[in-house]
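Notes for the one structure printed next.
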Amino acid sequence: MTHLPALTPAYLDIPSERALSATAPDHPPRFLLLYGSLRDRSYSRLLVEEADRLLRRFGAETRIYDPRGLPQPDDADPAHPKVAELRAASLWSEGHVWCSPERHGAMTGIFKTQIDWLPLESGGVRPTQGRTLAVMQVNAGSQSFNTINQLRVLGRWMRMITIPNQSSVAKAFNEFDDEGRMKPSPYYDRLVDVMEELVKFTLLTRGRADYLVDRYSERKAEDRHPAAASLADARA
């Protein structure tokens, strides 16, 4: 039952707790927050700003990206200042928060444009792979989960570690006061839950992300042996 004729043992790395015991960075966890509307009173931005306050309360470092001025994908050079800013922020981060309004049953083009400017790989660097991700949406009407379901698919495609919890705020125009602060409510309590969980998952995975997303198929294609070669030889 353990005979595996299709397997190339030299590229195999048996998962182990020892390999997961890497020392975590000594700086606070770092998060990039993205939102999906350019309106002056953007509820996805207001929800992201509340998430940002909570993350900083949990001791994290944060950056909120302003999508104004970001060109359409393939309509500008990647050296465009807004593109360069977005990519640099993602490389700096250890986790993301994504929040989009639901428009026509889907995420907005404003939000998707930001993700489309983040390559899976560029020059051997992967700006999203192995990072944690929390997904949220705001709704003009009743509660929906269309957009966060799409964001989950998108996060998986970007090879991110998407946490189980999520936030969907119905009738968002009722949930923020005149100063743009979120009112006390079960929606706010859920937001706290999501940010707390995001920080926990990030603390668990940062410093270990490279190992978590290292793949047998890629090692084989690149003729690259596991990082712990001596352990792999012993296991083989």
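Both backbone and side-chain heavy atoms feed into the values below; hydrogens, waters and symmetry mates do not. It should be emphasised that the depicted structure is a prediction, and the values quoted were computed from it without experimental measurement.
Taking hydrophobic clusters as Ile, Leu, Val, Met, Phe, Trp and Tyr residues chained together by side-chain heavy-atom distances below 4.5 Å, Val135 does not share a cluster with Val48. Hydrophobic clustering (ILVMFWY, side-chain heavy atoms < 4.5 Å, transitive): Tyr35 and Leu55 are in one cluster. Both Ile64 and Val199 are part of a single hydrophobic cluster, where members link through side-chain heavy atoms under 4.5 Å apart. Linking Ile, Leu, Val, Met, Phe, Trp and Tyr residues whenever their side-chain heavy atoms come within less than 4.5 Å places Leu118 and Met107 in a single cluster. When hydrophobic clusters are built by joining Ile, Leu, Val, Met, Phe, Trp and Tyr residues whose side-chain heavy atoms come closer than 4.5 Å, directly or via intermediates, Ile163 is grouped together with Tyr187.
Note that CG of Leu212 is 14.0 Å distant from CZ of Arg206, once rounded to the nearest 0.5 Å. Rounding to the nearest 0.5 Å places CG of Leu91 at 9.5 Å from OG1 of Thr128. Remark: Leu38 CG to Asp66 CG distance equals 8.0 Å, nearest 0.5 Å. Rounding to the nearest 0.5 Å gives a distance of 7.5 Å between CG of Leu70 and NE2 of His80. To the nearest 0.5 Å, atoms NE2 (His104) and OG1 (Thr147) are separated by 11.5 Å. Distance check, rounded to the nearest 0.5 Å: CD of Gln137 to OG of Ser44 gives 11.0 Å.
Remark: the backbone N or O of Thr202 is not paired with any side-chain donor or acceptor of Glu94 at under 3.5 angstrom. Side chain of Ser100 to backbone of Phe111: no donor-acceptor contact under 3.5 angstrom is found. Between the side chain of Ser167 and the backbone N or O of Met136 there is no donor-acceptor pair closer than 3.5 Å. Judged by distance alone, with hydrogens and angles left aside, the side-chain atoms of Arg159 form no donor-acceptor pair with the main-chain N or O of Val213 at under 3.5 Å. Between the side chain of His225 and the backbone N or O of Ala10, at least one donor-acceptor pair lies under 3.5 Å. In this structure, the side chain of Thr108 engages the main chain of Gly36 through a donor-acceptor pair within 3.5 Å. Here the side chain of Tyr188 pairs no donor or acceptor atom with the backbone of Glu175 at under 3.5 angstrom. Side-chain atoms of Tyr11 do not come within 3.5 Å of backbone N or O of Glu222 as any donor-acceptor pair. No donor-acceptor pair closer than 3.5 Å links the side chain of Arg103 to the backbone N or O of Gly109.
Residue pairs meeting the salt bridge (charged side-chain N to carboxylate O under 4.0 Å, His left out) criterion with at least one member in residues 28-43, sequence neighbours excluded: Arg30-Glu61.
Under the 4.0 Å criterion applied to side-chain N and carboxylate O atoms, Arg126 and Glu218 are assigned as salt-bridge partners. A salt bridge between Arg181 and Asp177 is absent, with no side-chain N of the basic residue lying under 4.0 Å from a carboxylate O of the acidic one. The pair Lys200-Glu197 does not meet the salt-bridge criterion, since no charged nitrogen lies less than 4.0 angstrom from a carboxylate oxygen.
Of all non-hydrogen atoms in Leu12 and Pro226, the two that sit nearest each other are O-CG, 3.4 Å. The two residues Ala51 and Leu33 have their closest heavy-atom pair at CB-CD2, 4.0 Å. The nearest pair of heavy atoms linking Pro127 to Pro119 is CD-O, 3.1 Å. Nearest heavy-atom pair, Ser144 versus Ser168, reported as atom, atom and distance to 0.1 Å: O-OG, 2.5 Å. Heavy-atom minimum distance, Gly59 versus Pro28: O-CB, 3.1 Å. For the residue pair Arg152 and Thr162, the shortest heavy atom distance occurs at NH1-CG2, 3.2 Å.
In this structure, the side chains of Met195 and Val97 come closer than 4.5 Å at one or more pairs of heavy atoms. Residues Thr113 and Pro73 are in side-chain contact: their nearest non-hydrogen atoms beyond the backbone lie under 4.5 Å apart. Looking only at side-chain heavy atoms (C-beta outward), Ser37 and Arg45 stay at 4.5 Å or farther from each other. Between Leu151 and Gln166, every side-chain heavy-atom pair lies at or beyond the 4.5 Å cut-off. Under the 4.5 Å side-chain criterion, counting only non-hydrogen atoms from C-beta, Arg87 is in contact with Trp117. Taking the side chain as every heavy atom from C-beta outward, Leu86 and Leu34 approach each other to under 4.5 Å. Using a 4.5 Å cut-off on side-chain heavy atoms (C-beta onward), Trp98 and Ile148 make no contact. Put simply, the side chain of Tyr65 does not reach to within 4.5 Å of the side chain of Ser90, judged on heavy atoms.
Donor-acceptor pairing under 3.5 Å is recorded for the side chains of Asp52 and Thr62.
More than 12 heavy atoms of other residues, nucleotides or ligands shown are found within 6.0 angstrom of CZ on Arg53. The neighbour count for Trp157 CH2, taken as heavy atoms of other residues, nucleotides or ligands under 6.0 Å away, does not exceed 12.
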**Request:** Go through the steps for Leu47 and Phe176 under the test side chain to side chain contact (heavy atoms under 4.5 Å, CB included), then give the verdict.
**Result:** CA-CA 9 Å; Leu47 189 59; Phe176 294 86; 4.2 Å; yes
**Request:** Might you work through the side chain to side chain contact (heavy atoms under 4.5 Å, CB included) test for Glu50 and Leu54, ending with a clear yes or no?
**Result:** CA-CA 6 Å; Glu50 288 294 340; Leu54 287 166; 5.5 Å; no
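When hydrophobic residues (I, L, V, M, F, W, Y) are linked wherever their side-chain heavy atoms come within less than 4.5 Å, Val153 remains an isolated member.
A cation-pi arrangement is absent between Lys171 and Tyr43 under the rule of less than 6.0 angstrom and at most 45 degrees off the ring axis.
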